[in-house]
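Presented below is the structure to which this report refers.
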Amino acid sequence: MQVTRPLRTTAPAALLTATALLALSACGTSGADSTGANGSGSGSGSGSGSGRTVEVRIPDPGNSGVLALGKKDGSLDKALGKVGAKVKWTGSAGPFAPAAQAMNADQLDIATGSITSGITSLAQRPGFKFFTAVDPDAAGEGILVRDGSGIESVADLVGRKVAVNQGGTGEYLLLKALAKAKIPAEKVERVYLRPDQTAAVLNAGQVDAWAVWATYAVAEIGGGKAHFVADGAAIGSDNYSLNAVRTGFAERHPEIVRALYDYLHEASAQEKKDPAAYLNVFTDVGPTAVTGKAKEVQTGFTAQGGTVDTIGPEDIARFEAVAAFYAEQKVTKEKVDVAAHLLDVEKLT
């Protein structure tokens with residue numbers, strides 16, 4: 001396997017500092033108070049029957065998406081209030097690996113991630129389970145290249161450098177694309193970078209391509225600077241998006257997990273019908289706003305995307321296929337048993 005150490009970037013120091021602070025806040029929040037989110041703490045109430053309000057610790061959703069709108073209009077707390085719960089927004093949404101560590105440390109109750117990053121986190125000592133699934137994003141993830149780069153197919157990546165996030169979506173997409181094209185993985189140099197640092201590296205020509213998902217691809221495609229040489233559909237991606245819950249929380253408050261699922265399922269269906277309503281929820285200016293062509297790109301991806309659903313047998317089979325692929329590619333030391341870390345939401349009451 002040919003890989004390189006992370007490249008030094010020319011990203012502004014202020015940006016790096018802000019990113020570091022966000023990561024710290026996501027992983028370093030204080031434990032739950034006596035209202036009872038902490039599965040091992042004093043709050044023994046189980047929703048409305050306990051007479052207490054249970055706090056559900058969820059990373060702040062930022063400016064877009066179902067949770068952002070639910071935060072702004074109060075609809076999420078209203079839905080959870082029916083089972084004696086409310087949200088405690090903590091830290092900021094970001095990569096799943098640190099969120100998994102925060103759940104393991106009893107600092108977070110809910111997080112969102114991909115099955116790919118989920119598998120590498122499950123290979124550690126997981127204190128969480130997955131309880132929802134969103135179908136792989138056929139349009140919004142893939143291998144991104146700069147316009148005019150001369151890279152017109154996956155085969156053109158041979159001998160070049162491709163940025164990926166280690167063990168997550170990026171590494172999976174690249175390895176999957178190469179495998180489908182029957183290109184040995186060692187023929188392409190993987191450069192491990194954090195996704196929030198990679199755009200500057202790609203645009204500076206320090207890497208030739210970037211295996212990436214919509215969160216970061218939209219700005220590049222919308223800016224008219226890049227395009228997918230192969231998207232999720234062309235790659236044959238099984239990269240589901242999942243919601244995870246801290247195991248102790250799920251065991252203590254199953255009715256809250258079910259209520260959260262019901263809210264996400266219904267709201268994601270509405271988002272798919274009217275994607276623009278879920279963009280720029282708090283502000284339409286500044287660095288968190290999606291504007292211009294990028295807004296068109298994002299709404300197009302969302303309209304083509306999936307909804308938050310329960311995890312069915314066909315989904316589990318595809319999860320296991322990803323786990324087997326990761327073991328085959330030596331991303332994990334052995335095949336991770338994903339099925340052992342799933343919840344059947346329909347059985348939660």
Side-chain angles (χ1 to χ4, degrees), residues 21-41 43 45-47 52-114 117-118 121 126-134 215 241-268 270-271 278 281-282 288 307-308 343 345 348:
L21 288 173
L22 291 177
L24 286 171
S25 63
C27 298
T29 52
S30 61
D33 60 22
S34 59
T35 53
N38 189 332
S40 60
S46 178
R52 305 190 205 185
T53 299
V54 178
E55 288 185 336
V56 189
R57 295 167 294 179
I58 303 176
D60 190 279
N63 195 32
S64 297
V66 164
L67 290 177
L69 189 57
K71 177 184 178 181
K72 181 179 181 181
D73 65 15
S75 59
L76 178 55
D77 271 339
K78 182 178 180 181
L80 294 181
K82 295 177 182 178
V83 288
K86 67 177 181 179
V87 176
K88 180 179 181 180
W89 301 108
T90 176
S92 299
F96 183 71
Q101 292 172 358
M103 285 189 287
N104 292 346
D106 190 12
Q107 297 171 339
L108 197 63
D109 299 311
I110 302 292
T112 302
S114 64
S117 57
S121 294
F128 61 89
K129 293 184 183 294
F130 293 112
F131 67 102
T132 75
V134 178
T215 301
S241 175
L242 309 174
N243 280 294
V245 58
R246 184 171 59 82
T247 303
F249 186 92
E251 291 172 347
R252 192 168 190 140
H253 305 295
E255 76 289 348
I256 297 176
V257 179
R258 176 58 193 259
L260 179 58
Y261 163 74
D262 289 340
Y263 179 87
L264 293 173
H265 174 69
E266 295 172 11
S268 66
Q270 292 301 315
E271 182 185 31
Y278 292 79
V281 171
F282 291 98
T288 64
T307 56
V308 175
L343 288 179
V345 174
L348 298 179

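Just so you know, these numbers use all the heavy atoms, side chains as well, and skip hydrogens, waters and symmetry mates. Just so you know, residue 1 is the first one in the sequence shown, and it goes up from there. These numbers come from a predicted model, not from an experiment.
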Can you name the residues that form a side chain to side chain donor-acceptor pair (under 3.5 Å) with [X], not counting sequence neighbours?
X: S64; result: none
X: S114; result: T116, S117, T169
X: T112; result: N243

Whether [X] side chain and [Y] backbone form a donor-acceptor pair below 3.5 Å:
X: D77; Y: K86; answer: no
X: T307; Y: H265; answer: no
X: D60; Y: W89; answer: no
X: R246; Y: Q107; answer: no

Ring pair (Phe, Tyr, Trp, His ring centres under 6.0 Å) contacts in which one or both residues fall within residues 68-87, not counting sequence neighbours: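 Non-adjacent pairs meeting ring pair (Phe, Tyr, Trp, His ring centres under 6.0 Å): zero.
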
Parallel, tilted or perpendicular: which describes the rings of H253 and F249, with under 30° parallel and over 60° perpendicular? tilted

By salt bridge (Lys or Arg N to Asp or Glu O under 4.0 Å), which residues pair with K129, not counting sequence neighbours?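 For K129, no residue satisfies salt bridge (Lys or Arg N to Asp or Glu O under 4.0 Å) once neighbours in sequence are set aside.
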
Using salt bridge (Lys or Arg N to Asp or Glu O under 4.0 Å) as the criterion, list what pairs up with D73, not counting sequence neighbours.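 If we apply the salt bridge (Lys or Arg N to Asp or Glu O under 4.0 Å) test to D73, skipping adjacent residues, there are no hits.
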
Show your reasoning for whether side-chain contact (heavy atoms from CB on, under 4.5 Å) applies to Y263 and L76. CA-CA 7 Å; Y263 179 87; L76 178 55; 3.5 Å; yes

Should the pair D109-K88 be classified as a salt bridge under the 4.0 Å nitrogen-to-oxygen rule?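 The answer is no: the pair does not qualify as a salt bridge.
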
